[in-house]
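Take a look at the structure below.
Bear in mind that the values here come from a model prediction, so they are computed numbers and not experimental data. Ligands are counted one by one from 1 in listed order, and the atoms in each one are counted from 1 as well.
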Amino acid sequence: MSQCLFCRIVNRKIPADIVYEDQQMLVFKDIAPKAPVHLLAIPKKHIENLDQLQAEDASILGEMLGKFAQIAKDNGLDQGYRVITNTGPGGGQEVYHLHFHIIGDIRQASWRGM
Ligand code: 5GP
Ligand code: ZN
């Protein structure tokens with residue numbers, strides 16, 4: 001089993017402020033939020049990033065994305081939100097376990113370049 005940072009959060013080896021969980025996905029608050037609402041949605045399966053996606057991962061991703069709207073609403077983002085996934089060094093990826101940033105209230109954000 002992978003011992004990457006986000007796998008350790010999945011396995012409850014290190015704490016996180018979890019806002020949603022199901023069989024395939026975990027959603028928790030970013031430890032250094034760049035906006036008033038800044039969530040990270042990850043597959044429980046260790047996939048490094050979009051570059052490492054396998055054909056069999058398509059259904060996991062489809063199910064994850066399909067749940068973002070409700071998760072955003074449940075976290076107060078009724079005016080919309082931004083979804084970002086950084087891929088590789090050129091994309092500024094720091095944690096090599098696929099994750100989608102779900103960011104809301106973007107006008108108050110300090111995300112790189114925002
Ligand atoms: P990346 O740059 O890889 O797209 O984003 C990694 C994100 O993970 C960053 O926004 C960073 O603040 C967040 N992060 C790093 N370590 C932890 C941690 O231990 N717990 C939580 N909740 N977020 C983390
Ligand atoms: Zn992992």
Side-chain angles (χ1 to χ4, degrees):
M1 181 172 293
S2 169
Q3 282 308 301
C4 92
L5 177 65
F6 287 174
C7 282
R8 297 213 305 270
I9 289 178
V10 170
N11 295 321
R12 305 299 205 270
K13 301 290 186 209
I14 59 171
D17 198 341
I18 295 168
V19 301
Y20 177 83
E21 178 171 24
D22 62 29
Q23 275 198 318
Q24 295 187 320
M25 169 168 71
L26 194 66
V27 185
F28 51 92
K29 295 184 181 176
D30 195 293
I31 204 167
K34 311 291 192 301
V37 178
H38 186 167
L39 307 175
L40 299 173
I42 68 170
K44 288 185 170 178
K45 177 182 177 185
H46 181 82
I47 302 167
E48 280 198 357
N49 57 29
L50 290 182
D51 276 351
Q52 302 301 320
L53 265 191
Q54 305 293 313
E56 71 259 24
D57 299 327
S59 65
I60 299 180
L61 242 68
E63 285 184 34
M64 285 180 64
L65 294 179
K67 290 169 181 164
F68 285 2
Q70 189 60 51
I71 290 166
K73 277 200 187 70
D74 290 346
N75 284 275
L77 301 179
D78 48 1
Q79 297 298 309
Y81 49 93
R82 182 174 293 183
V83 176
I84 295 171
T85 185
N86 297 324
T87 305
Q93 186 175 9
E94 288 170 6
V95 179
Y96 278 74
H97 181 130
L98 179 64
H99 53 279
F100 294 93
H101 299 259
I102 301 174
I103 301 173
D105 225 340
I106 220 72
R107 285 160 301 181
Q108 296 179 54
S110 62
W111 180 269
R112 305 155 195 143
M114 279 179 189

Can you name the nearest heavy-atom pair linking [X] to [Y], along with the distance?
| X | Y | answer |
| --- | --- | --- |
| A41 | M25 | CB-SD, 4.2 Å |
| G88 | Q93 | N-OE1, 2.9 Å |
| I103 | L77 | C-CD1, 4.5 Å |

task = Could you tell me whether a side-chain N or O of Q54 sits under 3.5 Å from a main-chain N or O of Q52, the two making a donor and an acceptor?
result =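 Checked: pair present.
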
inquiry  = Any side-chain to backbone donor/acceptor pair from D30 onto A32? Under 3.5 Å, distance only.
reply    =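 Indeed, once roles are kept as given, a pair shorter than 3.5 Å links the two residues.
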
What I'd like to find out is whether the side chain of [X] reaches to under 4.5 Å of the side chain of [Y], using heavy atoms alone.
| X | Y | result |
| --- | --- | --- |
| I42 | F28 | yes |
| Q3 | R8 | yes |
| I14 | L5 | yes |
| T85 | H101 | no |
| C7 | H97 | yes |

Numbering the atoms of ligand 1 from 1, which are under 4.0 Å from a heavy atom of [X]?
| X | result |
| --- | --- |
| N86 | 1 (P), 2 (O), 4 (O) |
| K34 | 10 (O) |
| A32 | 12 (O) |
| E94 | 1 (P), 2 (O), 3 (O) |
| V95 | 3 (O), 6 (C) |
| L5 | 16 (N), 17 (C), 19 (O) |
| H101 | 1 (P), 4 (O), 5 (O), 7 (C), 10 (O) |

Is [X] touching ligand 1 with its side chain, its backbone, both, or neither, if touching means heavy atoms under 4.0 Å apart?
| X | result |
| --- | --- |
| K29 | backbone |
| D17 | neither |
| L40 | side chain |

In residues 58-72, what donor-acceptor pairs under 3.5 Å come from side-chain atoms, sequence neighbours left out?
residue, atom, partner, partner atom, Å
K67, NZ, D22, OD2, 2.8
Q70, NE2, D74, OD1, 2.9

request  = Consider ligand 1: state whether an atom of it lies below 4.0 angstrom from any non-hydrogen atom of F6.
outcome  =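 It does, in that a heavy atom of F6 comes within the 4.0 Å cut-off of ligand 1.
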
ask   = Does ligand 1 have an atom that lies less than 4.0 angstrom from a heavy atom of G92?
value =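 The answer is yes: ligand 1 sits under 4.0 Å from a heavy atom of G92.
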
request  = Please indicate whether any nitrogen or oxygen in F28 is less than 3.5 Å from any nitrogen or oxygen in ligand 1.
outcome  =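 Such a contact does not occur with ligand 1.
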
query = Has ligand 1 got any nitrogen or oxygen that is less than 3.5 angstrom from a nitrogen or oxygen of Q93?
reply =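 No: no nitrogen or oxygen of Q93 is under 3.5 Å from one in ligand 1.
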
request  = Could you tell me the angle subtended at the Zn ion (ligand 2) by ND1 of H46 and ND1 of H97, rounded to 10°?
outcome  =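 With the Zn ion (ligand 2) as the vertex, ND1 (H46) and ND1 (H97) sit 110° apart.
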
message = Given the Zn ion (ligand 2) as the apex, I'd like the angle to SG of C7 and SG of C4, rounded to 10 degrees.
response =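 Rounded to 10°, it measures 120°.
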
request  = Nearest heavy atom to atom 24 (C) of ligand 1 wins, so pick from I42, I31, L39.
outcome  =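 Ranked by closest heavy atom to atom 24 (C) of ligand 1, first place is I31.
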
